[in-house]
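Proteins get letters first, then strands, A, B, ... in listed order; numbering begins at 1 in each.
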2 protein chains.
Amino acid sequence: MKETDDIRSLAAAAQQLDPMDRKILAVLVEDATVSYAELGKRVGLSAPAAHERVKRLKKSGAIRRMAALIDPGAVGKGLLAFIHVDTSGWGKTPALMAIAECPEVEEVHSVAGDACMLLKVRAASTRALEGLLARLYDTPGVKATRSYVVLSTYLERPPQPGVTLSWPVPKAARPAEIVQ
Amino acid sequence: MKETDDIRSLAAAAQQLDPMDRKILAVLVEDATVSYAELGKRVGLSAPAAHERVKRLKKSGAIRRMAALIDPGAVGKGLLAFIHVDTSGWGKTPALMAIAECPEVEEVHSVAGDACMLLKVRAASTRALEGLLARLYDTPGVKATRSYVVLSTYLERPPQPGVTLSWPVPKAARPAEIVQ
DNA sequence: ATTGATGCTTAATTTCATTCGGTCAGTATG
DNA sequence: CATACTGACCGAATGAAATTAAGCATCAAT
């Protein structure tokens with residue numbers, strides 16, 4: 001039996017995405033409402049085959065879930081901001097993580113660089129943003145915050161399956177090759 | 001006829017989300033695969049009524065689209081970074097906007113604060129991130145960049161329909177009330 | 001060569017989306 | 001007030017799509 005490098009085979013098995021899988025992902029990331037017949041037609045497969053692939057992609061975790069992407073403005077959350085949080089000591093305290101329960105908070109990352117934590121926040125108003133900042137400063141360990149309020153958004157999309165294969169050589173940018 | 005404040009009625013008509021709409025959005029943001037019968041059951045509506053609501057939410061733009069949310073690791077993009085870009089002059093040049101074509105670039109915002117542009121980038125490796133930075137520095141008008149590489153992500157989700165109604169009064173945090 | 005596994009196909013079945021009247025409450029209008 | 005209109009809902013019916021089933025080709029390993 002060929003049981004080499006089994007250590008990461010669990011992850012590897014789940015990540016073996018052939019070109020067909022990538023094509024399917026590319027379609028579904030853009031529009032998850034296509035019928036399996038239509039999806040199959042676009043990638044060159046029958047409906048049940050496409051269905052089988054999608055089922056596998058879901059089970060493996062490559063597709064986390066199908067979601068409705070809503071217009072923040074429509075739900076009255078027109079203000080977007082990124083907040084850098086400096087903490088004293090280790091940032092990931094339960095008290096700080098608790099803000100993740102606010103529906104305003106969309107992302108929480110720990111980052112390398114001069115900030116400990118980075119938050120993406122979408123609120124109804126500057127008043128609401130102030131409320132969130134007040135809550136942040138109330139949290140033990142929070143030393144300082146720097147807010148970057150978004151003036152306008154030119155691009156915002158979920159993770160894409162595509163990867164740029166060749167980057168331009170510095171000082172001579174030419175069209176980049178893209179896969180999927 | 002009651003034609004008061006018609007100026008913003010175009011937007012207003014599209015944003016009149018009653019509590020039922022919010023409930024529907026809350027369900028669909030989490031799982032867009034539920035049947036209309038199931039959706040109706042969860043919000044207290046018949047299948048056709050739920051269907052009608054969703055159709056209206058789509059048409060009004062409150063629901064932008066249904067999308068598959070994929071695991072970045074599964075497609076080999078394990079590196080996430082936020083890049084602040086300082087530009088000389090006005091940031092939104094066609095040359096700078098062109099990087100939006102890279103599938104690595106997920107977000108492009110102009111922000112208030114000490115950075116002109118803010119990018120959210122997901123790449124396969126530090127090598128790929130370097131390639132993107134190289135391309136950035138090749139772009140006319142780009143003065144400097146600061147990269148914040150994400151060490152770990154604790155929360156990452158699409159826009160939520162919910163809004164926090166009452167923020168804790170400073171220096172006395174109590175459980176926040178949340179609608180939907 | 002034979003077996004087993006994988007991945008596909010077409011065809012059949014079942015579930016669900018969508019359409020179609022018809023009812024009810026609220027609201028303007030004669 | 002009564003009437004007509006509008007908007008939102010429901011149950012039933014129809015049509016489309018998801019899902020299952022059965023059979024076939026390819027490939028790897030015995």
When you compare the protein's N or O atoms with those of nucleotides 15-22 of chain C, which come within less than 3.5 Å of each other, and at what distance?
residue	atom	partner	partner atom	Å
C:dA17	OP1	B:Y36	N	3.4
C:dA17	OP2	B:Y36	N	3.0
C:dT18	OP2	B:H51	NE2	2.6

Practice prompt. Scan side-chain atoms only and decide if A:Y137 and A:T139 contain a donor-acceptor pair under the 3.5 Å cut-off.
Written response: no
Does a salt bridge link B:K23 with B:D18, judged by any charged N lying under 4.0 Å from a carboxylate O? no
Answer yes or no: does a side-chain N or O of A:R53 lie under 4.0 Å from OP1 or OP2 of C:dC8?
-> yes
Any carboxylate oxygen within less than 4.0 angstrom of a Lys/Arg side-chain nitrogen, looking at B:E38 and B:R42? yes
Ring pair (Phe, Tyr, Trp, His ring centres under 6.0 Å) filter on B:H84, not counting sequence neighbours, yields A:H84, A:Y148, B:Y148
Looking at B:E30 and B:R157, does any basic side-chain N land under 4.0 Å from a carboxylate oxygen? no
Let me see the working for B:D71 and A:R65 under salt bridge (Lys or Arg N to Asp or Glu O under 4.0 Å), right down to the final yes or no.
CA-CA 9 Å; B:D71 173 22; A:R65 63 199 175 95; over 6 Å; no
Exactly one candidate in A:E156, A:E104, A:E107 meets salt bridge (charged side-chain N to carboxylate O under 4.0 Å, His left out) with A:R122; the answer is A:E156
When rounded to whole Å, the CZ to P distance for the pair A:R56 and C:dG7 reads 5 Å
Whole-Å distance, B:D21 CG to D:dA8 C1', equals 12 Å
**Request:** State, yes or no, whether a side-chain contact exists between B:Y36 and B:R53 at a heavy-atom distance under 4.5 Å.
**Result:** no
note: B:D18, atom CG; D:dC9, atom C1'; distance rounded to Å ~ 13 Å
Side-chain contact check for A:S46: nearest option of D:dC9, C:dT9, C:dG7 is C:dT9
Mind listing the N/O atom pairs, protein and nucleotides 4-6 of chain C, below 3.5 Å?
none

